[in-house]
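Reviewing the structure listed below.
Not measured: the values here are computed from a predicted model. Every number for a ligand or one of its atoms is a count from 1 in the order of the listing.
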Amino acid sequence: MIKIPKWQYDEFKHCGVDFSDSAEVERYENKHRQIRDFKKEASAIIDSIGLGLEDKVIDMGCGTGAFTLNAADKCGKIFAVDVSKAMLDLCRKKCRGAKIANVEFFRAGFLSYEHKAKPVDAIVSKLAMHHLPDFWKQIALRRLAQMLRKNGKFYLWDIVYSFDIKDYEKNTQRWISKTAPQGDRDFKRRFEVHISQEFSTMDWVMEKMLEIAGFKILKKNYNEGFFAEYVCIKL
Ligand SMILES: C[S@@+](CC[C@H](N)C(=O)[O-])C[C@H]1O[C@@H](n2cnc3c(N)ncnc32)[C@H](O)[C@@H]1O
């Protein structure tokens, strides 16, 4: 385990949904398999960052490998990084099953991963950054920029609030009932935990933090007031 200074945010202590629990990881995998098309998502990301066959990529907060597994044969190498051993174990097992050999796994996170190889060509992070409070998001973005070569691409997708804050109660209720299908109590619980305990931030905060970290936003998409996608370049 990596030794962290006492004043540093402990990213290994899971906030909100506990991804150190393998039963939770299994539930995550089953649910997301039903509601997402991992292949299609990965291919859209690959297109948006123009990933080449020789390119090296960091998948930060790789989880069970939604991107890693579907991008490995489209690039040179993937550094798959996650703080959760249970998530990494499943990602590793799936890669082994798919005979994928160009992925290296690291149990670490935004604040603790030390990239020892040459700066990468791209970094992808989906649905992970909201685990850090804002100050630590800023540090994380700065660290990511240092791992990326000049003009390298950064793809960030996360839950970011872009709705009108005056109506936060109505918007939040609407989002939860719309996104968690009727009767799906486990999914509803995840959204409630997300809002009450995790650290999603606001669109203008995220944009400013990306800029301060040394990125230029090339493309941004806000969806339903809760989802955000950024394609950035390192200046
Ligand atoms: C909702 S899952 C997303 C996984 C995957 N990227 C996907 O698209 O399905 C969030 C992941 O972020 C990881 N995570 C949480 N805090 C992290 C941190 N500080 N650094 C890196 N990963 C983190 C969790 O362990 C979990 O695997």
Checklist line | Pair listing, salt bridge (charged side-chain N to carboxylate O under 4.0 Å, His left out) test, anchored in residues 6-19, at least two apart | finding: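 Residue pairs passing salt bridge (charged side-chain N to carboxylate O under 4.0 Å, His left out), neighbours aside: none found.
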
Practice prompt. Name all pairs fulfilling the salt bridge (charged side-chain N to carboxylate O under 4.0 Å, His left out) condition that reach into residues 43-65, sequence neighbours left out, sorted by first residue then second.
Written response: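 Qualifying pairs, neighbours excluded: none.
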
Going by atom types alone, do [X] and [Y] pair a side-chain donor with an acceptor below 3.5 Å?
X	Y	value
S200	H194	yes
Y230	Y222	yes
N171	R174	yes

With sequence neighbours excluded, residues passing side chain to side chain donor-acceptor pair (under 3.5 Å) with K137:
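With sequence neighbours excluded, K137 shows a side chain to side chain donor-acceptor pair (under 3.5 Å) to D134, given in chain and number order.
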
Dump all N/O pairs between ligand 1 and the protein below 3.5 Å as a table: atom names plus distance, one pair per row.
from, atom 1, to, atom 2, distance (Å)
ligand 1, 6 (N), G61, O, 2.8
ligand 1, 6 (N), K126, O, 2.9
ligand 1, 8 (O), R36, NH2, 2.9
ligand 1, 9 (O), Y28, OH, 2.7
ligand 1, 9 (O), R36, NH1, 3.0
ligand 1, 19 (N), E11, OE1, 2.7
ligand 1, 20 (N), F110, N, 3.1
ligand 1, 25 (O), D82, OD1, 2.6
ligand 1, 27 (O), D82, OD1, 3.3
ligand 1, 27 (O), D82, OD2, 2.7

